[in-house]
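Worksheet: the structure to be examined is printed underneath.
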Amino acid sequence: MKRGPTRLVLHGQMVDKPWQRRASPLARTALLAYVVLTIYAGLAPWEGWRDVGVPPLAYLAAPIPRWLTPFDLTVNVLGYLPVGVLAVLALHPRVRGAAAVLAGALGGLLLAGGIEALQTYLPTRVASNVDVMTNAAGALIGALLAAPLAPALIDRGRLQQLRARWFLRDASVLLVLLALFPFAQVSTTPMLFGNGRVLHDAGWLAAFGGLPEGDLLALFGPAEFVLAEALVVVAAMLAAGLALAALAQPFAPRRRLLLAFVALALGTKAFAYAWLFGPAKALLWLTPGAVGGLAIGLLALLVAAHSRPRALLAGALLAALVWLVAVNLVPENPYAGDLIAAYRRGRLRNFTAIAEWLTMAWPWLLLGALLLLGLGRKRVPPP
């Protein structure tokens, strides 16, 4: 065993000394936020509370529901994976190893069990012992995955080093916002990346243009709606993708980051549709307009990935403006019957209240962040 000034080398591996171990306020904040969101989603719609004369823990002895599918069980496990991961990271370094795994799994079990017990008093929710078991299993798996990684991620700051190597120092706020872009796709929308829509009625536009609403809709045939959706998809990809590229360091793998960013957003969209409407409709949103917009937008992103940061920020700002105008300008597509029906059903699902808020607000938040970042950089004189 060799002794160094700050670390120990034991069996060929670097081991941090106890006084080098540090906590992660970010992990604790993220754990608190995720728990709050989990409670919100588990008890939505937060109305109609009543006592039906059933003990809150009676569901533990209830028979296994017959309507469960492998997809439902997988969602329950995946939904609580972050609970276990964040619990282990938040407890580090005070609680480590097997004790942290046990605490993460037990915390997930208590959280899931408490939510299911409270669902007894909600007529629109059904408490399930299977949900508790699968949620607890997800928390346990997450804790097992995070326990061996906590020292490297927190004590030795691997994530912080990676962030410093790939992204600019003043990028924290915009990076957090961009990280929410995939989650902004959870709510169903009439168009892919149809975020930021605040005007759901075309009557205002018809009145502004001096046209009857029927005449306005007559201007949009099937081909026009395909082109409109393609424009929305291209503008959204450029707004989010160029903003991400503008924050990257010169030697960061920008193209790979952009590909992963788009893939994560599309994967989240497919997962949300599969959960809401069944696995057979996971790609219901993949219309001809969406396919065309994805192809054009991805090509434009990869070509522009290594432009100068100021040009990328200006392009992202322009694309965000086009995105918001197009989303609010195009009337509801009467030809997309299945997609519109899914959109209306999706608005009634339990978890979509907060998802719809994020869907509506995200492009506006991006626009504000880009404006603030651009103004801040103008105040700094060039070196």
Side-chain angles (χ1 to χ4, degrees), residues 28-87 90-91 102-143 183-184 186-188 268 271-279 341-361:
R28 294 174 180 177
T29 303
L31 175 62
L32 177 61
Y34 196 84
V35 167
V36 170
L37 289 176
T38 301
I39 294 173
Y40 177 89
L43 298 179
W46 290 84
E47 59 185 10
W49 297 85
R50 63 184 181 184
D51 187 356
V52 294
V54 177
L57 298 180
Y59 72 93
L60 293 174
I64 296 178
R66 298 180 180 179
W67 59 83
L68 288 174
T69 65
F71 183 79
D72 294 327
L73 300 177
T74 302
V75 169
N76 288 339
V77 172
L78 293 178
Y80 270 69
L81 268 175
V83 174
V85 171
L86 293 174
L91 291 171
L102 180 61
L106 183 60
L109 176 64
L110 293 176
L111 176 63
I115 290 174
E116 295 294 324
L118 290 174
Q119 285 181 359
T120 305
Y121 302 101
L122 285 170
T124 58
R125 305 304 296 264
V126 178
S128 169
N129 47 20
V130 176
D131 285 355
V132 173
M133 290 186 289
T134 50
N135 291 156
L140 174 60
I141 295 171
F183 299 101
V186 168
S187 180
T188 56
T268 304
F271 184 82
Y273 268 72
W275 184 29
L276 286 169
F277 311 116
Y343 167 65
R344 287 170 177 165
R345 287 199 303 273
R347 291 171 64 89
L348 302 177
R349 295 301 292 255
N350 292 320
F351 82 101
T352 54
I354 193 167
E356 285 195 359
W357 180 88
L358 184 59
T359 296
M360 183 277 296

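Everything quoted here is computed from the prediction, not taken from an experiment. Quick note: residue numbers are just sequence positions, from 1.
With rounding to the nearest 0.5 Å, the separation of CH2 in Trp49 from CG in Leu43 is 4.5 Å. Taken from CG in Leu102 to CG in Leu140, the straight-line distance is 9.0 Å, to the nearest 0.5 Å.
Thr268 is linked by a side-chain contact (heavy atoms from CB on, under 4.5 Å) to Pro182, Val186, Leu264, counting only residues two or more places apart in sequence or in another chain.
Nearest heavy atom pair, residue Gly104 against residue Ala143, reads CA-CB, 4.5 Å. In terms of heavy-atom proximity, Ala112 sits nearest to Val132 at O-CG2, 4.0 Å. Pairing each heavy atom of Ala90 with each of Leu31, the nearest pair is CB-CD2, 3.8 Å. Contact record, Leu57 with Ala117: CD2-CB, 4.0 Å, taken as the closest heavy-atom pair.
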Could you walk me through whether Ile39 and Leu111 pass the side-chain contact (heavy atoms from CB on, under 4.5 Å) check?
-> CA-CA 8 Å; Ile39 294 173; Leu111 176 63; 3.8 Å; yes
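Counting non-hydrogen atoms of neighbouring residues, nucleotides and ligands closer than 6.0 angstrom, the CZ atom of Phe183 reaches no more than 12 such neighbours.
Contacts classified as side chain to side chain donor-acceptor pair (under 3.5 Å) and involving residues 108-120 (residues at least two apart or in different chains) are not found.
Using a 4.5 Å heavy-atom cutoff, the side chains of Ser128 and Tyr59 are not in contact.
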Which side-chain N or O atoms in residues 75-87 pair as donor and acceptor under 3.5 Å with protein atoms at least two apart or in another chain?
residue: Asn76; atom: ND2; partner: Asp72; partner atom: O; Å: 3.4
residue: Asn76; atom: ND2; partner: Asp131; partner atom: OD1; Å: 2.9
residue: Asn76; atom: ND2; partner: Thr134; partner atom: OG1; Å: 3.4

